[in-house]
Q: 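My questions all concern the structure below.
In each ligand, atom 1 is the first atom listed, and ligand 1 is the first ligand listed.
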Amino acid sequence: MREKAPSFFEGISFQLAKIGIILAFVLSFVMSSVQVYIDFKAQSQELEQLIDRVVEVATPPAARAVHTLDDDLASEVVNGLLTYNFINEVAILDERGNVLADVSRAQPANSTHWLSRIVAGGDFTYSSKLKVPGYVQDASGQIVFTVDKSQALSSFYQRSEINLVMGVLRNLLLVILLFVAFYFKLTKPLVRLSYEINEIDPDQPGVRRLTQLKSHRRDELGTVISSSNQLLDVVELSLAKRRAVELALRKSEEHLRQIVDSLPVLIGARNIEGYYLFANKALADTLGFTPEQMHNVHVRQLLKNSVLDVESILTNDLRVIKEGEEIDVIEESFIGADGTQLYLQTHMMPLDYYDEVVSLVVSVDVTERKNAQAKMEYMAHHDALTSLPNRLHLVERLEHEVKRAERHGYFGAVLFIDLDKFKNINDSLGHPVGDRVLQEVSRRLQGAVRDEDLVARLSGDEFVVVLTVLDQDVEVAALKAGEISEKIRALISLPFIHEDMELRVTCSVGVVVYPDKNNVVHELLRYADTAMYQVKEKGRDAIEFFNEEMADKVSRQLVMEGDLHRALEDEQFSLFYQPKVDVNSGKIVGAEALLRWHHPEKGNVSPLEFIPVLETSGLILQVGQWVVEEACRALENWSERGLWSAGMQLSINISPRQFRRERFAADVIRTLDRYRLPKGVLDMEITEGVVIQQVDEAIDTITTLTERGVSFSLDDFGTGYSSISYLKRLPVATLKIDKSFVRDIIVDRNDRVLVETIVTMGRLLDLELVAEGVEQAEQLEILRSYGCHSYQGFYFSPAVEGDKFIELLLSNRAKDR
Ligand SMILES: Nc1nc2c(ncn2[C@@H]2O[C@H](COP(=O)(O)O[C@H]3[C@@H](O)[C@H](n4cnc5c(=O)[nH]c(N)nc54)O[C@@H]3COP(=O)(O)O)[C@@H](O)[C@H]2O)c(=O)[nH]1
């Protein structure tokens with residue numbers, strides 16, 4: 001704010017003039033008084049001397065007049081004395097005091113009379129004894145006269161009065177002149193200076209300089225102005241420097257801010273009272289503010305809608321700021337401004353922020369990761385089609401339920417449910433309809449049980465229901481399980497309406513009550529599964545409880561499982577080879593490797609018996625890998641011996657579980673790398689069921705291995721989905737026509753039509769066609785007429801052991817010659 005110029009009366013000149021006037025009066029008065037006093041003393045002395053001389057002159061004639069009693073002389077003397085204007089009264093008295101002569105006059109008006117009265121004290125009376133010289137008597141009379149001192153000193157008083165007045169006037173004039181001089185020499189330049197100072201722009205003090213006054217160039221004012229101008233230059237310079245520093249600082253702050261704002265982490269700083277001093281854009285956005293709005297707002301206010309525990313935040317802030325601790329908050333649940341649920345991982349550390357220590361809070365939004373984890377977790381535990389818990393979830397939950405039942409002494413039940421002939425729906429109406437049926441079945445199952453029970457989908461059309469807490473009595477529990485199973489069976493068999501069509505599906509239910517002697521979850525599931533199979537064998541659409549007989553079957557399987565474990569270690573497995581023969585030339589063009597198990601006591605065990613056990617026990621993974629190794633070893637051997645001509649292929653069977661294993665392709669490639677095999681000699685047979693559930697993953701695996709020279713055949717073709725649409729997508733080279741169609745091809749027209757269709761379709765798709773199970777020449781003839789490329793079957797040869805197969809290869813080679 002600019003200063004107001006002082007008013008006339010506030011100005012230095014007037015102030016000085018005021019002081020000057022007072023001083024002038026006081027000094028004039030004091031000095032004049034001293035002067036008057038000194039003059040008065042001198043005048044009084046002179047008057048005394050004059051009176052002494054008058055007395056000296058008047059005394060002799062007056063003495064003579066008294067001595068002679070001469071009145072005339074006396075009158076002459078008194079009149080003579082009255083000629084002195086300061087003598088008012090004169091009288092000559094004789095020795096007796098008689099007036100001889102006297103005279104007086106009126107006192108003249110005098111303007112200084114008041115002063116003389118004060119200073120001199122009014123009239124004085126003098127008397128002198130009259131003594132005649134030579135006369136013996138001391139006194140012979142006296143002369144008395146009154147002196148008017150004011151009259152005597154009147155000229156002095158007049159002079160003093162003039163001096164006094166003149167002194168005052170002189171001093172007054174001096175003060176006025178000084179005032180004028182001061183005004184023009186000091187006040188006016190100062191006023192102008194102050195005006196110019198007021199006009200200085202504080203942001204640019206060097207732009208408008210103070211005007212140097214010519215007449216003051218060399219005096220103090222001039223020095224003040226030039227010093228002030230120098231000061232303004234210095235201030236301007238330092239301001240410019242400061243501005244440059246501030247600009248650089250602002251820029252660097254801006255850059256820092258931009259960097260901090262562009263970070264995908266939430267950054268904020270709070271002081272010890274819990275007020276935000278800083279927030280980056282990410283944090284402000286998340287809270288629904290701008291960074292500026294968040295400044296100086298309390299954490300309670302800002303986080304009131306989040307689920308964060310504000311009190312513990314404040315406690316943590318205190319620890320960070322007071323103790324200098326760094327704190328990691330592993331995960332906090334947080335509601336964003338838009339109501340979205342976020343998860344933050346926060347690190348808190350102390351920070352020197354301007355003149356205080358604050359708590360710097362850096363949070364990473366881990367919501368996506370957390371959601372992805374949750375999703376993965378969900379996906380790992382749920383079935384994608386029905387959202388029901390999957391096998392993994394079922395096993396975990398069942399383990400828990402069995403333990404709970406054991407602990408609390410009650411019984412529950414496991415229901416294994418398989419839809420009857422569900423494949424028909426898929427085959428006739430397509431997979432989308434089949435999927436909808438499965439979804440509806442899962443809905444009905446959920447509706448049939450309590451919330452505390454569990455409904456899971458194992459695979460395809462297999463469901464498991466766990467009925468928890470049925471009863472403390474095993475028989476009552478079994479009864480209840482039976483009732484619920486019946487209810488489920490009835491519910492499932494209710495018609496499904498699809499596009500005005502009534503679909504009906506029944507189910508087979510296997511029931512096992514737990515806990516039992518064997519409470520291993522996998523065994524329980526196996527028991528329920530076994531019971532369900534029993535229903536299937538008996539004609540489907542019923543309920544069966546797991547019983548002793550089934551237990552025997554299961555225990556036989558368990559024994560086999562144990563034997564199979566030892567079989568691999570004891571080298572009881574071997575590969576047999578069934579030749580693949582060209583339909584037209586009758587020459588061997590390849591072979592299918594088939595696994596054989598020679599049990600030390602039981603002898604040869606059928607693959608139809610042991611392969612399902614290998615599958616369910618998971619041993620198929622190791623055994624399957626052994627088959628790949630063994631096939632490669634044989635191929636290397638035959639190739640090195642020249643038995644394996646170019647274009648010949650050895651097929652191995654790959655089980656669904658083996659194929660779906662994540663490491664499958666990598667394991668096969670690693671095995672292939674260990675053998676010197678001609679390109680394209682290995683073929684893998686997979687069934688449609690393997691592919692159909694995860695077509696994309698299957699295509700990836702097949703593609704990876706095809707690039708490494710492995711070809712693929714679709715086994716048992718015609719028994720499954722046999723859809724041309726997905727067949728077109730699958731990078732397989734061969735279709736193997738299932739032996740069940742070949743078996744009756746001579747007598748069954750339907751099988752003939754089917755085989756012909758498969759061959760035509762395969763040829764259209766440029767696929768190799770291999771017919772399985774050819775036992776008769778007529779069968780071969782029909783296949784040849786349809787254009788099938790090659791075949792396998794007892795007609796040419798069953799699967800034979802390695803040495804025998806080599807003999808077949810040798811005789812095959814002989815045919816070439
Ligand atoms: N995952 C693996 N599965 C394998 C492996 N080895 C065999 N298997 C599968 O076991 C099932 C039974 O096989 P197997 O008892 O060996 O029967 C095969 C042939 O012996 C039989 N066959 C061959 N020709 C004829 C014939 O003219 N008539 C007739 N009745 N049967 C014949 O067919 C079976 C081969 O079938 P396929 O595999 O569909 O080509 C069987 O499902 C095997 O797949 C293995 O190593 N791993």
Q: Check whether any side-chain N or O of Gln658 sits under 3.5 Å from a backbone N or O of Ser655 as a donor-acceptor pair, and report yes or no.
A: yes
Q: Can you report which non-hydrogen protein atom sits closest to atom 30 (N) of ligand 1, along with the distance?
A: Glu775 OE2, 3.5 Å
Q: Flag this pair as yes if the NZ/CZ of Arg657 is under 6.0 angstrom from the six-membered ring centre of Phe664 and inside a 45 degree cone about the axis; otherwise no.
A: no
Q: Please identify which atoms of ligand 1 are closer than 4.0 Å to at least one heavy atom of Leu595.
A: 5 (C), 6 (N), 7 (C), 45 (C), 46 (O)
Q: Looking at ligand 1, does Gln792 have a heavy atom less than 4.0 Å from it?
A: no
Q: The test is side chain to side chain donor-acceptor pair (under 3.5 Å); show your working for His598 and Asn604 and say whether it passes.
A: CA-CA 4 Å; His598 185 80; Asn604 292 335; 2.8 Å; yes
Q: Got an N/O contact under 3.5 Å between Ile654 and ligand 1?
A: no
Q: So that I can tick it off, tell me whether Asp696 and Arg729 are bridged by a salt bridge, with the cut-off set at under 4.0 angstrom between side-chain N and carboxylate O.
A: yes
Q: Of the choices Gln578, Arg596, Gln658, which has the non-hydrogen atom that lies closest to atom 20 (O) of ligand 1?
A: Arg596
Q: Nearest to atom 3 (N) of ligand 1, what protein heavy atom do you find, and at what distance?
A: Ile611 CD1, 3.2 Å
Q: One residue to check: Ala799. Relative to ligand 1, which of side chain, backbone, both or neither has a non-hydrogen atom less than 4.0 Å away?
A: neither
Q: If you measure from atom 15 (O) of ligand 1 to every heavy atom of Ser606, Ser713, Pro607, Ala593, which option wins on shortest distance?
A: Pro607
Q: Indicate, as side chain, backbone, both or neither, the part of Asp738 found under 4.0 angstrom from ligand 1 when only non-hydrogen atoms are considered.
A: neither
Q: Within the structure, does at least one protein heavy atom fall under 4.0 Å of atom 37 (P) of ligand 1?
A: yes
Q: Pick whichever of Val627, Leu614, Asn653 has a heavy atom sitting closest to atom 44 (O) of ligand 1.
A: Asn653
Q: Can you tell me which portion of Glu592 lies within the under-4.0 Å heavy-atom range of ligand 1? Options are side chain, backbone, both, or neither.
A: side chain
